[in-house]
*Asks:* 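Handing you a structure now.
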Amino acid sequence: MAYLTTFYWGWLLASVLLGFGMGWISVVQHGKGISRKWRWALSALVAALVAAALARVVPGRFGYWLDLGLIMFALYLCGCAVGSWLRDWVVSRSAPPA
């Protein structure tokens, strides 16, 4: 893990910044979203991938890519969350009081 952050710090920073940008420019849509069934399936998939990475089930290069992909995905999601939170905070502050 430390090797990945040392060697790929530029790519990890890019994934955070890309997530921040996507969170900032995305419009909050209060639509239906995905169904509960799909949400559980995607959550189970992510949990299985994280468990496989922690247990080192996938050997060699593909395990290395799995670790790197999961780290980049997590940083992207954190960047999205921070970007959307900051945009909401900035827009709510600049709105005139009702």
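FYI, the numbering just counts along the sequence from 1.
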*Asks:* Do L70 and L42 sit in one hydrophobic cluster, given that two such residues count as connected whenever their side-chain heavy atoms are within less than 4.5 Å of each other, even indirectly?
*Replies:* no
*Asks:* Applying a strict under-4.5 Å side-chain criterion to I, L, V, M, F, W and Y, I'd like to know whether Y76 and I25 cluster together.
*Replies:* yes
*Asks:* Might you point out which heavy atoms bring L68 and L12 nearest each other, and give the distance in Å?
*Replies:* CD1-CD2, 4.4 Å
*Asks:* Suppose clustering is done on Ile, Leu, Val, Met, Phe, Trp and Tyr with side-chain heavy atoms closer than 4.5 Å. Which residues sit in the same group as L13?
*Replies:* W9, L17
*Asks:* Hey, any chance L75 and L54 share a hydrophobic cluster, counting ILVMFWY side chains that come within less than 4.5 Å of each other, even indirectly?
*Replies:* yes
*Asks:* Hydrophobic clusters here meaning ILVMFWY residues chained together by side-chain heavy-atom distances under 4.5 Å, can you tell me if L66 and V57 are in one?
*Replies:* no
*Asks:* State the CZ-SG distance between F73 and C78, to the nearest 0.5 angstrom.
*Replies:* 10.5 Å
*Asks:* Side chain to side chain contact (heavy atoms under 4.5 Å, CB included) with V82: which residues, sequence neighbours excluded?
*Replies:* F20, L86
*Asks:* For the residue pair S26 and G23, what are the closest heavy atoms and their distance?
*Replies:* OG-O, 3.3 Å
*Asks:* Closest heavy-atom contact between M22 and C80?
*Replies:* CB-SG, 4.3 Å
*Asks:* Can you pull the ring pair (Phe, Tyr, Trp, His ring centres under 6.0 Å) pairs that have at least one residue in residues 36-55, sequence neighbours excluded?
*Replies:* none
*Asks:* Determine whether more than 12 heavy atoms belonging to other residues, nucleotides or ligands lie under 6.0 Å from atom OH of Y64.
*Replies:* yes
*Asks:* Please assess V90 against W85 for the test side chain to side chain contact (heavy atoms under 4.5 Å, CB included), listing each intermediate value before the final yes or no.
*Replies:* CA-CA 9 Å; V90 168; W85 175 75; over 6 Å; no
